[in-house]
Amino acid sequence: MDKAYNSSFESQIYDQWLESGAFTPKVPAKPKEAKIKDNPYSIILPLPNANDPMHMGHALFTIQDILVRYHRMCGQPTLWLPGGDHAGIETQFVFEKRLAKEGKSRFDFDRQTLYKMIWDFVEDNRKLNQFQMKKLGFSMDWTRYHYSLEKPIVDNVLVTFKKLYQDGLVYRDEKIVNYCTFCGTAFSNLEVDHKTVNSHLWYFKYPVVGEKDRFVTVATTRPETMLGDTAVAVNPKDKRFTDLKGKKVLLPLADREIPIIFEDTIDIKFGTGAVKVTPSHSPEDYDMAKKHNLEFIRIFDYDGTSNQNVKNIYRGLFPNQLRQKVVDDLTTTGLMEKIEDYTHEVGHCYRCGRVIEPITAPQWYVKIDSLAKPAIEAAKTGQLKFFPTRFKKTYIDWMENIRDWNISRQIVWGPRIPAWYCLDCNPDIKLNFLDKNNNIVSDFYRNIKDKYSFEEINNGLQSLVAPTNAAFTIEKTDHCSKCKSTNLIQETDTFDTWFLSGQWPLSTLGFNTADPSKSSPDFDYFYPTTVMDTLWDILFFWVARMTMFGLYLTGDVPFKTVHLHSKVTDAKGQKMSKSKGNVVNPLDMTEKYGTDALRMSLVYGIAPASDFVVSEDKIRAQRNFVNKIWNSSRFVEMLIDRLNPKKITLDIDKSKLTSADKDILDKLNKIITSTTKNLETYHFGQASENLYQFFWHEFCDIYIENAKDRGEETIPVLLTVLITSLKLLHPFIPFVTETIYQNLQEKFNFKKELLISSSWPKNEN
RNA sequence: GAGUCUAUAGCUCAGUUGGUUAGAGCGCUUCGUUGACAUCGAAGAGGUCAGAGGUUCGAGUCCUCUUAGACUCACCA
């Protein structure tokens, strides 16, 4: 053996594991029946974004590898299924940043071309990502790898959409959505970051119609939206306004008359007690408008600028520009009463960081109540378990307050929603496309149908906006069943990524949504999977959605236990992310200290679901531990050589044990028990710490030191403790333990087997 | 506004259902070894376990309050 552990063995060892088939469990002929007897163990990998190079968050998949290696050694058929996610908006955002560097934008391309470009970009990175996971020693079944845009997976997801539609759970509506005008898409509530912003509260006066010198003063944080006001609301109990019943006010700068409405939800104490109502740009106002049947006037377009619904002088401005102009004009006309400092929460785009514009837009929704109900039940009954258990409450709270899910995104990168509109039946569809000369055309179909052929429109299509009353079919047909037109165009909205990844456990295990009886044996054998281990920050995004889909489609949860692990932070306690530029590359650490050292340092001493700071010191300390294991093994070999025994055996003669022997064997049995228990209960930090202590300070410092003065009768105990320790340590530090194990087999002619496939030790007492 | 979590050695953190002198890594002091060990070993300094009260034979561990910080969720102008 070499004098020090050398991580250059790693790739060779990994290949051995791969070739042995240890990563690929066999599914028996009758999976449903065999399942009960075999007790298979399965984990679906939280699919990394295919465009993402490895970061420390991915390195935490080590936790799953530990679980998988442990259960495999326990003799269970074990599956760890890897994958890659196209990651809709995330990937398109990254790609658009690259375009911007070349001075281009998404508007320079039709959607087919843009899609192809992003596809190629992802393909280049996808292989890298797989290579990196292998480097970290992850014992995933690569024969079952899936990518989220594989045709069968997408097809299955489209079938789910149709099923939801047929069950009356999909609808279109034009509600207020969280719209990012920069990213050009709507987002779900989860994708909005609320940030505290120092701003102002503007007080300005609306003249009461028919009453000279009488005004209603409103207080607002968004003066610019006043151009879209369609009412002023006051509390019916507010005596200051009771005499205004049935009156109207004149909206300044717009010269429209708008009603005064009475609404219980208005806080009498806030501001002036009178609120301007802008139904198209404020969620609360939207609700009020629906209730009171008010007019909707949308003054901002989806590109973020003010539109034709405002006077010419206010047109074409971004919200902050318009704000300045409105405030100026109100001031010069003497209607501005006062401006106060005010701090409040404003929604920002989680992706690009810009202010979210609440805006009415037609979108696709999934009715969520009937899906959430069984998912709540599953958590309450324990069909779905959480670790740490406190997340059960978080999960249930969120589920109980859930709102309908906006599943449409106005981006290119992802499967398009399978709905087709007949343009001739729906001439009010707005089309954005590049004509054959690459000029952007943006107009309603009715205005352009004579100018452009359907082919020209469809080929250069960027996006369309169909009114909510537009008729559509969810099957692609040759011609419209009503008017026989062949000008059928597919919805350009794509699915929220989580709509697709929410079905990941089903898709990857071969569940057949159209005909469940035709699902693959993998599904019958491994579903529901055993554990879902993931970062708690996607509990709602992903875990909740998977649970709902799983229960809706199969009647069963997709996984029995949700294990939520800690996030990796930098030295300052900040979450590592590419945008912050504080990413520590785990692969650099493996180069420097070896994969095992990195893996061990990731779990050593961590508490479940608490933050975890990566430090090089810690990795270095574990490197020393790995080296200690290496050298003590080497020394055991040397000791045995020196003793030159007649026969080398692992059989322990209990009648001849010294007190040192008894002591170490007793401690070995204890560490077997505690490690097993700790792994079963997800106490990886404790397990690794105990093993570290045992191996180094009990076995090396005491027993091996003692063995230096003994004869060959020490050999069985020496080797038993060493080999058993290797097995216990294997899930944590697979490479060094496997290397030593094979070395010992070679040297002493033991039976040949891979440590990865050896059996988990049992307490002999 | 609602909720969750954290507060233990100079630093980063463990401490699983309450039970003998509270632990690890790094750092620090002294000595030894350099014939297994990227050194390693032996010994040691360093903590009123945020503060106050309570439950208990017994609390870092359970309960209440206070203080400080972190995070999550949220359509209040």
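A, B, ... follow the sequence lines: proteins, then strands. Residue 1 opens every chain.
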Are a donor atom and an acceptor atom from the side chains of A/Thr343 and A/Asn198 found within less than 3.5 Å of each other? yes

Does B/G41 have OP1 or OP2 sitting under 4.0 Å from an N or O in the side chain of A/Trp696? yes

Of the listed nucleotides B/U39, B/U4, B/U72, the one nearest the side chain of A/Lys393: B/U4

Heavy atoms from C-beta onward define the side chain here; which of B/A74, B/G41, B/C37 lies closest to that of A/His194? B/A74

For B/A38, does the base pair up with any side-chain atom of A/Asn627 as donor and acceptor (N or O, under 3.5 Å, distance only)? yes

Taking any heavy-atom pair under 4.0 Å as a contact, classify A/Thr220: base, sugar-phosphate, or nothing. sugar-phosphate

If I pick the C1' atom on B/A50 and the same atom on B/A70, what distance separates them, to the nearest angstrom? 15 Å

Less than 3.5 Å between a donor and an acceptor, one on the side chain of A/Gln693 and one on the base of B/A24, is that the case here? no

Taking the six-membered ring for Trp, are A/Tyr302 and A/Tyr179 parallel (under 30°), tilted (30 to 60°) or perpendicular (over 60°)? tilted

When the P atoms of B/U48 and B/G60 are compared, how many Å lie between them, rounded to an integer? 13 Å

Please measure how far the C1' atom in B/C73 lies from the corresponding atom in B/U17, and state the result in whole Å. 32 Å

Using 0.5 Å steps for rounding, measure from the NZ atom of A/Lys677 to the NE2 atom of A/His683. 8.5 Å

Does a distance-only test, which skips hydrogens and angles, find a donor-acceptor pair under 3.5 Å between the side chain of A/Glu705 and the base of B/A36? yes

By nearest atom, which of the nucleotides B/A24, B/U72, B/C37 is closest to the A/Trp536 side chain? B/U72

Mind checking if A/Ile266 touches a base, just sugar-phosphate, or nothing, with heavy atoms under 4.0 Å? base

Please measure how far the P atom in B/U4 lies from the corresponding atom in B/U66, and state the result in whole Å. 15 Å

Any donor-acceptor pair under 3.5 Å linking the side-chain atoms of A/Glu689 with those of A/Gln693? no

Can you tell me how far C1' in B/U33 sits from the matching atom in B/C40, rounded to whole Å? 8 Å

